[in-house]
Each structure stands twice: as structure tokens, then as C-alpha cells.
Amino acid sequence: MSYNFQEIEAKWQKYWNENQTFKAEENSTKPKYYILDMFPYPSGAGLHVGHPLGYIASDIYTRFKRLAGFNVLHPMGYDAFGLPAEQYAIQTGRHPADTTKENIARYREQLDKIGFSYDWNREVQTCDPKYYKWTQWAFIQMFEHYYDLDENKARPISELIKVLSEKGSAGVNAHAGEIEEFSAEQWNSFNEKERENTLQNYRLAFLAETAVNWCPGLGTVLANDEVKDGLSVRGSHPVEQKKMQQWCLRVSAYAPRLLDGLDELNWSDSLKEMQKNWIGKSVGAEVKFDIKDSSEKIEVFTTRADTIFGVSFMVLAPESDYVSTVTTEAHKQEVEDYLAATKKRSERDRLADVKRVSGVFTGSYCIHPFTGKEIPIWIGDYVLGGYGTGAVMAVPAHDSRDYAFAKHFDIPITQVVSGGDISEESYDAKNGTMMNSDFLDGLKVKEAIKKMIYEVESRGIGKKQTNYRLRDAIFSRQRYWGEPFPIYFKDGVPTPLSMDDLPLQLPEVDKFLPTEDGQPPLGRAENWKTKDGHPLEMSTMPGFAGSSAYYLRYMDPHNEEGLVSKEANNYWQDVDLYIGGAEHATGHLIYSRYWNKFLFDIGYVCKEEPFKRLVNQGMIQGRSNFVYRLKGKNEFVSLGLKDKYDTQEIHVDVNIVHNDQLDMEAFKAWRPEFKDATFITENIDGKEIYNCGYAVEKMSKSMFNVVNPDTIVEKYGADTLRLYEMFLGPLEQSKPWNTNGIEGVHRFLKKIWNLFYTDETLTVTDSKPTPEELKVLHTCIKKVNEDIDTFSFNTSVSAFMICVNDLAKLKCNNREILSDLVTLLSPFAPHFCEELWRELGNETSISFATIPELNESYLIESTHKYPISINGKMRFLMDISLDASKDEIEKLVLESAEIQKWIEGKEIKKKIIVPKKIVNIVVA
RNA sequence: GCCCAGGUGGUGAAAUUGGUAUACACGCUAGACUUAGGAUCUAGUGCCUUUGGCGUGGAGGUUCAAGUCCUCUCCUGGGCACCA
């Protein structure tokens, strides 16, 4: 029998499915282990070979954990709401629900072919009303809670109301929006609308008029992580700033906990670093500056309180509220012109010319709190309205942006920290000694910061302050294909629906476009009202809503009473291992942590952090091929000769190129316009060949470099695909896809097959394994065990190859050895191993086998007893632990009886003696 | 500009964490078998001026010993970017 992978893989996939082999149960005596993949967005293009990389790694880990005696939860589902399906719907008129359903079916088919051990009973689709009922529920919970800074957790709004009615706003220490203080009497005299307006400043899910990233191309707002370089991540449309009333989540309330929580997580340093930067903690002080001839003050945030004596001007953000208070009549026109010009510049333009300095003087002055000098107040667009107080004290000598501004407008520069030369550029470093700074003179920068903050606080002109860059998440999208908000407006007051009315299902609409009067698509739905006629919210939730708690739903996917039951949550607790791309660092992985912390606060889940360990798989890039067309002709020249002609580079489908050589007939058949193409070929070793150029690019349809896993599975089988994707290199590294080495991996499986079968019949012996065989096997067991926890699967595959080569040399067909080998290999090549496992006479699935135990004694014993062959040379390796000099050891070792016996009559080619470590002697 | 990874044969990559550099695989070369080979097997394959020497982006350093540690520097990839 030869290795017929197609038959074998179909057979065992069917068996696993029919026998529910991978069904996870909560009533197990084994320890639990939860392994999660980032669920895919089912796009119309289907899976390419890059998608399964992480899935294969997690599946190997899953199967390994099962063999090691764990009760493993390994589910899969789909992140099914999103922009592409809606864009497609707008273009074709097809309902996103229909196309999504088709795409999911296609994904499932592709996933099934690779032999994953998912428990499909727990499948989750975010667009399923049974699922998004709980997304809506969570939103209502956030609406009904606020963040209490004393208890440092979310608490019910009802408790807040009680405090407000007894003590007024002073009785509450909450993470809230800007609130004007009010007394209990005032609160009690508020009408319903006034009360709600106040409460909106406290709620964790709230409506706010904010500057948002508005994308006209997509007709919706976008979150910060959905915008890159002023363009939308999806579709690359320009994005501009616009003030709009939007639902928001008060993620910023959790910023300190999101930051501190990172310490206990087993995530990669680079990913933690990204989150740290995104959260962006900075410690400093808020200082108040009096405005000249006014009772008003300007408050600024600074991390460099030490440099306060170097302040030579103030700068306000164009959108700052201070602008109107400080602008004098004489400068009004100038300021208004400047504001108008700034507003016109899009986010993208602003980023494009960061270096251009612009600003305008307001006509007013501040009074320096220490020197009493007058400081001019300017407006500049390098100051951000949304960060700190929207105003800065400018210290041109020690801040490069202030320096550029001062130089441009010819404002004096005073050095207050020694150490740098400020004639050409500012000196920003936080070391040096203070000068020109009155009572700070002579102090080091760090001491000066402390002293100044103390001074500011004791004079009552400011306080120590920590700021975070993390903003509240904007949660509204003016879109159709998302979760509807469970909110209606009762006389303009936003009110949540009751649980009985959930899920609030997406209505049918005639078109997936905004209405004529600019309302979101849901405005087209007939009767988008509650039963008693109140209008429902028309925007929908963003993509990250559905993916923020899906891992909890897998624990208890069919529960109709809640997102997850207490029992299921207590059993599975949290995700032990999460595998996915690093591109979610500042989006999904922040929102999920926030969402989970919130559910933890309200006592709904038992763990504060959702993902204990996170492994990022690298991206698989495409490897594109090019042909070179003579300009204006239908003639193509091979890579080696192209410099002799005037050519144009054209992407060619990588599927008709093998080892960079073009299949010329297939090329002619590829597209009609190339039907009559002619070629200028190269002669290499007597063959006429057309060589293609190549480049590493993103895998995408337009570059014709997409490789579909189905093609690989068809040609080599799923097990070869799985092994090859792991063999390609370290999991976390990005790498281009190429099939150059896949033959070697496929050959490896055939070699194992041949250990079992001679002349197509199964031949295994039941004799006792020899020490050599045991050594070979246990070397492999050791290596694979070591690799598993670091996901170094590429070296595991190598270890298997070495093992099989050595066993083939020993002509091993021992049942015990082969059985252990197959068990160890089964997580990597499950179908293949399941087949051989049964051939060895086992009744149950190999998934219920036990991982072979490592016996180090086989290794140690043989190291001393058997000289081994490395790279064709005989070597004697020996562990020594003598604390002696090289020469002494050499003498001792060479004179030992064991070595004497071995080298007798042979020529010593090489001696390496390493104190305390090893002796390595190579003989001819 | 700031932060994080990384740089090893023709290629993908290993290296017991300071101890035989290039395991394993691809590719290539030669041979065997074959009507044939995009099949299988065997041997070889870092470089050079080859009784020897040089080699892990470059230059120094620590050490009996450095791909690994330290200093400087040059590239590549990723993230953040007027965050005061």
C-alpha cells in the first residue's frame, strides 16, 4: 500500500466528525485548557495559505495538550459583521446576510480540509441575533454603570443617582466628563432631560458631541485604530475631523488598569510595548497661569515642571475653549482666519507637512506665576485639543516643537537646563543641571521636577497629574451591517430597551445607503420604532463590538439566559492561549480587555484579564512573479535578458510559474490578450527557459500572488501543508510564501510510511527495541517536548526528520518505537498518524493516546557507550565536569580506557576539549 | 524623531543560551537504477591563493573560549508619531 493521502484524509475527517472526537465537555476530571484562535472575518476571497498558519500552530498545541491529559476547549467561529460585506452589498444589491452566509460556508469547507480539531458545536457567528443579543446586553450594562474612582471599579448608575440626590456632584469621585458642580437640591430640581444630560457624563456607554474621524468615502465614522496616516484602513479613503453626536465607550476610565494588567500577562514584549504606547501614560503637573487683566486662568499640562522658568509663550490648540476668552478685538480677524484655515486642512494634510510651523498671536498675555513677567498667548495647530488641557506652556529651549515655533515667530529662548547647545536646536534630554531658575538652580532635572511640583501644589497654582493618551472609543457607525443599538429615544432622552425586547434585530432596508436627508441606512427601515412609537437609534455598532466578548460565548454558546453561565465561566475561566496577528494590538486586544474588565467589575465573569498567554503568528507575505513585456508589443523577455530591451513589468499569476520559470503555454491560456504572446527565452543548460522576476509583497488578488491552501492540499495533502507551514520558519516571524521546500516535507512522510511497509505490506516486529533505536526516538521526544511550549515547531519538524532518517538507517520496524513516534507526530500530521495508529492495531482514535514519556537514561547511557556519526564523521562525545586545565583534561581523557579502546589504531583528526563541558574527538 | 524586533551558505533556516558555527530541508554537482523522470537511492556541497588560512552586516572590546556578552556603527522589517 502506498501513501494515498487523499483517501486517508477524507476518511479520518469523516470519522472525527461522525464520532464528535473533539467535543469539549464541562464535566471532566482532567484539568481544563482553553486554546483560542482569533476568529476570521469571512471575506469573499476565501482563505489563502497565510490564514491557517496560526490555526495550524494552535491545532498542534491543542492536540498535544489533549495527549498530555488536558480537557481542551478549542472552538472556532466568524467575525461576520463588517464593512466589506456592506460595500459589496452597495455595489451588487445583494444582502450582506446572504453573501456572509456563502462566505462562511466556503471558509468552513476550506478549514475542514486542513483537519483542524475544533469543537464545531460551539461555533459563534457575530451576526447571529442569538449571539448579538448579548453584545446588546453588554452595551446596556455599560449604559447602566459608571466608573467609581474610590472603589476603582464600575458601579451601577442607580447607586450614583442616590448619592447625587443626597450629596450632589461633590459626593462622587468618578471618572466622568466635564461637569459643572451641582448640589443635591439642584439635582432634585432637575427635570428628566436635565438629569439624563448630567448622567451622560458618568455612564460608561454615553452619547457625546466629539471630534470624530469622519470618512466620507465610507460614509461613516471610524475609530482611531481604523485610521492610518489619515486614510481609512479599509479601502484607503481620506478621513477628516468632524464634530458629531456619537455613542462612546468610556475606555479611558480603564486606562490605568489596562496598563497595570499587562504585567501579569504572558504576552510578547513587543505587543505589550505597543499597548503601553497606545495607552500612553505620562506623569506631570497641571499648572494654572493667570491671564493679564482678567479673572480667568489658563491651565496647562506639562511633564517638565522643572523648565517653568524657561517659559516664553503659551500655545492654545485651535479648538481650545480658551481661544474665545483670550482673543483681543485687535487680533480677532487674524485669529478667525487662522482657525478657518486650520479647519480646512484635513488630518492627512496636517500629517503630510508636520514640519510647517503655523500659528497666530491672540493679543493677550499670561502672568508668569514665579517671575510675574508677561507671557504672550499664541494659537498653534501643533497643540492638540484632545490631549491634556489643550494648552501648553512653551519652553523653546527644551522642546523641539516649541523651539521651531519660537524661531519661526522670533520669540526669545531662555535656557534653563545646562548640558546642551541651544543655538541650533533645543536640548530635550532629561538630564543636566538647572540654571536661570531661581530656587531650582543647581538641582538635577529629576530633583527639580519633584521640587517644582511640590512648590506648585503648596502655592495652590497647580497639582500633580497623570495623563493617558488612550481615548474613549467611538462606538457609532453610520452603517447597516452591524449590531443595532438597543436604545430608543423617549422625548429625546436615550433609553435602553428591556431584556424582553432583545435581540433587537436588524431591519430590512431597500438600499444599504444613507437616506436622502443624511441619516444612516437604518433610517430607511419601515417602522424603526418601539411598539409604543418611540424612535430607535439609527446607527449600528462597530466591528470590534462583536469580537470583544466572543471568547466568553464559546464557553456556553447555547445559553439563552445569559452570555455565559456562572458554572461554565467558573469551569473554563479564561483563555490559556490565544493565537493571532499582532495587527490587533491597539484595537481588538484593547477593547476585549476593557470589555472583560467591565464584566469582571459587575461580577459577571471570574477573571479580570481574558487572555493569559498570547502568541502572535507572523504574516505570510505573497511572493509575486513578474514577466517583462516589450513596450507596445505582445512579446515577453526573460529576466536575464530584460536589460537589453525597453520593458514594462507585469504581475503574472504565481500558479503558472514553477521555481520562477514561466509555463509559457499556461501563460497564453491565462488571459485572452496573451493568446498570441511570443517569448525571448534564455538558454540554460541546453534548455530554453523563461525566467520570471519576483518580489515579496502583500498577498492579494491584484498581484496574482494568492496561493489557496486547497491547491496544496490537493497536491500534497493536508498533513504535508501543516508540516510545511510549520517548517517554513519561526512562527512569529513574517515570511514570504513559497513552495520550494514542500517536496522535502512530503518525502519525509513517505519515509515514515516506508518504515511501516515493505513491498506494500505492513511489516512491524514486536521485538524489544534496541538501545540505538531508543536513543534515536528519545532524542526526538526530548526535542519536541522542549519545542512545544515555545512554539518552535520548525525545529520539531527537523527533529522528526532526523529521527526518521536514523530509524531508516537502523532499518527499524519495531512496533513500540513506531507507535511512540506516530503518537508524538500526530498533532502535526493527524490524518497520517491516525491511519498508521490503526494499522498498528489500536481501536480508539490516536487523540485519546498518551504522549510518549521521555526517558533521559536512554540518552545519557548511549552518549557514553556509543560513538555517534555526525555529518558522516565518527565522533566520541562525553560529558565531563572536571574543573581542570585544558591540558590536564586532554591527558586524562586520552588516557582513559574507554577512549583508548575506541581510538585504537585510528588516526585522530580533531580534538576539542572544553573545560567543564565536553570532549569531542573525531577519528578517521 | 522615539520604541521594538532582526541581520548566519545559492535559499528557508539550526545552534544544548558563552563551549564542534551552518543541524534539518530546498537547490546544485556526480553516480546508480530506469524507455523516461518534476520518481527513488548513494555520495558531495561555507569561502579562498588548500600540507594552510578565512569565515555569523561592519569596527573595536571582555574571555582559555563570542553568532551569543559590552561599546560604537551600518542596513532591514514592524509599531508610534506634533501626546507638551
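Residue numbering restarts at 1 for every chain, and letters A, B, ... go by the order of the sequence lines.
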Tightest non-hydrogen contact, residues A/Gly50 and A/Ile620, listed as CA-CB, 3.6 Å

Say you pick atom P in B/rG18 and the same atom in B/rG27; how far apart are they, in whole Å?
36 Å

Practice item. Determine the Euclidean distance between corresponding P atoms of B/rC48 and B/rU40; express it in Å to zero decimal places. Key: 31 Å

Measuring only the P atom in each nucleotide, how far is B/rU76 from B/rG57? A whole number of Å is fine.
16 Å

Output yes when at least one side-chain N/O atom of A/Tyr382 is less than 4.0 Å from OP1 or OP2 of B/rA84, else no.
no

>> Could you walk me through whether A/Ser282 and A/Tyr387 satisfy the side chain to side chain donor-acceptor pair (under 3.5 Å) test, starting with their C-alpha distance in whole Å, then the side-chain angles of each, then the deciding distance to 0.1 Å, before giving a yes or no?
In response: CA-CA 11 Å; A/Ser282 67; A/Tyr387 183 75; 2.8 Å; yes

- request: Write down the distance separating the P atoms in B/rG61 and B/rG46, rounded off to the nearest Å.
  value: 30 Å

Tightest non-hydrogen contact, residues A/Leu825 and A/Ile752, listed as CD2-CD1, 3.5 Å

ask   = Expressed as a whole number of Å, how far does the P atom of B/rU20 sit from that of B/rA30?
value = 35 Å

* **B/rG67 to B/rU16 separation - C1' atoms, rounded to the nearest Å** => 15 Å

In short, A/Ile712 meets A/Trp737 closest at the heavy-atom pair CD1-CZ2, 4.0 Å

Identify the pairs formed between an N or O of the protein and an N or O of nucleotides 7-14 of chain B at a distance under 3.5 Å, and give each distance.
from: B/rG12; atom 1: O2'; to: A/Leu728; atom 2: O; distance (Å): 2.6
from: B/rA13; atom 1: OP1; to: A/Gln733; atom 2: OE1; distance (Å): 2.9
from: B/rA13; atom 1: O3'; to: A/Asn794; atom 2: ND2; distance (Å): 3.4
from: B/rA14; atom 1: OP1; to: A/Asn794; atom 2: ND2; distance (Å): 2.8

- Task: Measure from the ring center of A/Phe405 to the ring center of A/Tyr382 and say whether it is less than 6.0 Å.
- Result: yes

Check: On a whole-Å scale, what distance lies between the P atoms belonging to B/rC54 and B/rG7?
Finding: 25 Å

Under a 4.0 Å heavy-atom cutoff, the residues of residues 304-314 of chain A touching RNA chain B are A/Arg304

A/Cys366 and A/Ile298 have their tightest heavy-atom pair at SG-CD1, 4.1 Å

When pairs are called at under 3.5 Å and a stem needs at least three consecutive Watson-Crick or G-U pairs, the stems of RNA chain B are B:1-7 with B:74-80, B:10-12 with B:24-26, B:27-32 with B:40-45, B:46-48 with B:52-54, B:57-61 with B:69-73

Is the distance between the ring centroids of A/Phe727 and A/Phe793 under 6.0 Å? no

